[in-house]
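Nothing fancy with the numbering, it's 1 onward along the sequence. FYI, side chains are in, hydrogens and waters are out, and symmetry mates aren't considered; it's all heavy atoms of this structure.
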Amino acid sequence: MAKDGRRVLLLEREYFPRYHIGESLLPATVHGLARILGVTEQLESAGFVRKLGGTFRWGRSPSPWTFRFSEQERSSEASFAYQVERAKFDEILLRNAQACGVDVREGHSVVGGLHEGERIVGVKYNDADGNVATARAAYVLDASGANSVFQNTIGRRHYDPFFRNVALFGYFRGAGRLPGENAGNILTAAFDGGWCWYIPLSHDGELTSVGVVLPSESAKELKGRDLDETLAQYVRRCGPVADLLSGASRIEEGMYGSVRVLRDFSYRNERYFHQGGVLIGDSACFIDPVFSSGVHLATFSGLLAARSVNTVLSGAISEKRCFEEFELRYRREFGVFYQFLMSFYDMHEEPESYFWSARKILRAQTTGREAFVGLVAGLGTVDERFDSVDAFLHSAANEAQVLRRVTEAKSGVRDADPALAAEMRKHTESLFRERKALLERCQTPTYDDGLLTSEDQLRWVLPPRGGA
């Protein structure tokens with residue numbers, strides 16, 4: 001927004017650098033957003049581990065399998081991403097915002113909104129000295145994360161009934177690496193109680209992020225237990241990760257010195273925009289981290305929101321049209337990961353079945369493997385949208401079938417749990433109604449392709465013969 005000449009105030013609760021989870025980036029962020037913001041060279045010189053793809057021990061196959069980002073055909077440049085220390089990565093973005101003219105104020109906590117009628121016109125905040133102050137603005141963008149200030153003001157938040165998992169994670173030194181060119185890959189390995197992530201954050205093995213993701217019912221097992229030993233017990237049940245950690249020790253000092261827990265981290269809001277207020281990133285939605293999509297969805301939504309604000313303030317296109325485009329594209333991208341996640345959690349499949357699911361979800365003309373790589377690289381829906389409501393509803397019907405398969409796979413018995421089956425139907429019907437209503441609002445009778453992106457990527461532009 002500042003690059004487009006807007007006056008931007010950024011109120012940041014923490015002082016940077018600060019700790020944050022979400023260290024595995026996708027090529028769409030590294031080669032898309034970073035280029036637009038002008039931080040490509042800074043990322044290259046930061047010493048981050050280069051990530052050429054991912055390695056999975058997942059599904060029916062007992063052996064790990066690997067994909068490379070270079071296997072997708074959307075962009076030859078997007079052949080790698082980075083594993084990043086978020087303290088360093090986020091500070092690069094924050095200081096770049098300052099260099100672009102953003103008024104960045106660290107140690108400032110937003111505590112509520114200012115309203116005129118139903119419209120959000122600013123925020124109340126506590127400054128670095130604890131004084132209460134206010135700031136008025138044409139738009140308020142909430143990027144405050146899972147504990148969003150506006151999560152139940154701009155639509156209500158709904159937690160997903162099927163992916164209400166719990167994550168337990170810590171950091172290790174002296175850990176091993178996968179062999180050869182796979183050394184920088186994220187390793188995602190399932191075991192009998194859940195799955196593990198293994199993210200190499202340094203080239204020398206001195207910093208590795210390791211976590212276990214467990215079903216929500218396992219959360220009660222963590223109460224009152226030593227988290228360090230509990231994490232170690234789960235890791236021992238996951239052979240590939242246990243082998244890589246055989247000579248490692250958990251870091252016990254500094255920002256990486258704690259074993260942390262996250263609960264109920266899959267959710268979405270009813271809406272992401274309402275009269276001056278915009279939810280972006282984890283404030284709007286979050287999905288299970290198996291595909292490392294968190295930073296991609298956050299930065300992608302920020303880009304979409306910025307384009308909408310810039311375009312409305314320029315007077316070129318109406319607020320309604322711009323933020324319909326924002327919501328549609330953002331929900332579409334979130335929906336792709338959500339749909340694929342449901343099929344991916346069916347552990348009875350071979351890798352080829354997951355590839356085929358990706359091809360169906362994206363309606364791609366490529367091979368299943370190429371579609372899979374494009375999806376997990378964050379390139380599946382770039383500048384694309386559903387052709388019509390009918391196409392979307394067909395996709396929703398497929399989603400309902402996948403939900404049923406996942407439920408049966410989890411229970412092991414067909415239709416074994418009537419209560420879970422009823423909850424599944426209710427959840428599917430809710431998604432169906434929500435997405436149908438959204439798409440019906442977003443249909444533009446004068447053209448089919450939605451808004452286009454300006455050459456500098458900072459605004460929306462009307463397609464030929466379009467109307468505001």
Side-chain angles (χ1 to χ4, degrees), residues 10-26 28-30 33-34 37 39 42-43 46-49 51 81-98 102 104-110 128 141-149 151 165-173 186 197-202 206-213 227 231 250-267 279-303 305 337 378:
L10 193 157
L11 301 173
E12 168 57 53
R13 182 183 60 198
E14 307 287 349
Y15 288 92
F16 280 42
R18 56 91 177 96
Y19 171 81
H20 205 286
I21 189 64
E23 296 119 339
S24 195
L25 303 188
L26 302 187
T29 302
V30 172
L33 184 89
L37 296 182
V39 296
Q42 293 181 59
L43 296 184
F48 296 135
V49 172
K51 168 185 172 184
Y82 294 115
Q83 316 281 22
V84 299
E85 291 186 67
R86 285 289 299 276
K88 296 179 180 178
F89 175 75
D90 291 0
E91 185 161 31
I92 288 173
L93 298 186
L94 188 76
R95 302 308 168 205
N96 182 68
Q98 283 182 310
V102 174
V104 174
R105 302 184 190 180
E106 297 170 80
H108 286 56
S109 299
V110 173
L141 283 71
D142 181 355
S144 58
N147 297 318
S148 159
V149 175
Q151 63 177 273
N165 296 330
V166 57
L168 179 68
F169 55 98
Y171 295 81
F172 293 78
R173 61 166 56 95
I186 183 172
W197 77 66
Y198 189 93
I199 304 175
L201 296 178
S202 68
E206 288 305 290
L207 184 61
T208 303
S209 172
V210 178
V212 294
V213 177
L227 295 182
L231 176 61
R250 191 179 68 77
I251 297 172
E252 298 182 353
E253 69 282 342
M255 70 171 67
Y256 298 115
S258 302
V259 174
R260 294 175 164 94
V261 178
L262 288 176
R263 294 180 174 87
D264 295 339
F265 48 70
S266 291
Y267 56 84
L279 298 178
I280 56 178
D282 294 0
S283 295
C285 56
F286 189 80
I287 193 67
D288 187 283
V290 69
F291 299 126
S292 305
S293 59
V295 175
H296 165 62
L297 288 170
T299 54
F300 181 62
S301 64
L303 179 61
F337 280 96

Would you say the side chain of [Y] lies within less than 4.5 Å of the side chain of [X], judging by non-hydrogen atoms?
| X | Y | value |
| --- | --- | --- |
| D282 | Y267 | yes |
| L26 | V295 | no |
| S144 | V110 | no |
| H296 | F291 | no |
| L94 | V104 | yes |

[X] side-chain N/O to [Y] backbone N/O, donor-acceptor pair under 3.5 Å:
| X | Y | value |
| --- | --- | --- |
| T299 | T29 | no |
| S301 | L297 | yes |
| S24 | Q83 | no |
| E12 | E14 | yes |
| R105 | L11 | no |
| S202 | L207 | yes |
| N96 | L37 | yes |
| K51 | I186 | no |

Looking at every heavy atom in both [X] and [Y], which two are closest together, and how far apart are they?
| X | Y | result |
| --- | --- | --- |
| Y19 | M255 | CD1-O, 3.8 Å |
| F286 | G294 | CE1-CA, 3.9 Å |
| R13 | S109 | CG-OG, 3.2 Å |
| S209 | L201 | CB-CD1, 4.0 Å |
| S283 | G145 | OG-N, 3.0 Å |
| V30 | A81 | CG2-CA, 4.0 Å |

About how many Å separate [atom2] of [Y] and [atom1] of [X], when rounded to the nearest 0.5 Å?
| X | Y | atom1 | atom2 | value |
| --- | --- | --- | --- | --- |
| L93 | R86 | CG | CZ | 8.5 Å |
| D142 | S148 | CG | OG | 3.5 Å |
| I199 | F169 | CD1 | CZ | 10.0 Å |
| F337 | C285 | CZ | SG | 11.0 Å |
| L227 | S258 | CG | OG | 9.5 Å |
| H20 | F89 | NE2 | CZ | 11.5 Å |

Checklist entry - Does the side-chain contact (heavy atoms from CB on, under 4.5 Å) test come out yes or no for I92 and L43, once each step is laid out? => result CA-CA 8 Å; I92 288 173; L43 296 184; 4.0 Å; yes

Next on the checklist: Tell me which one of E252, R260, R250 satisfies side chain to side chain contact (heavy atoms under 4.5 Å, CB included) with Y171.
Outcome noted: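 For Y171, the side chain to side chain contact (heavy atoms under 4.5 Å, CB included) check succeeds only for R260.
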
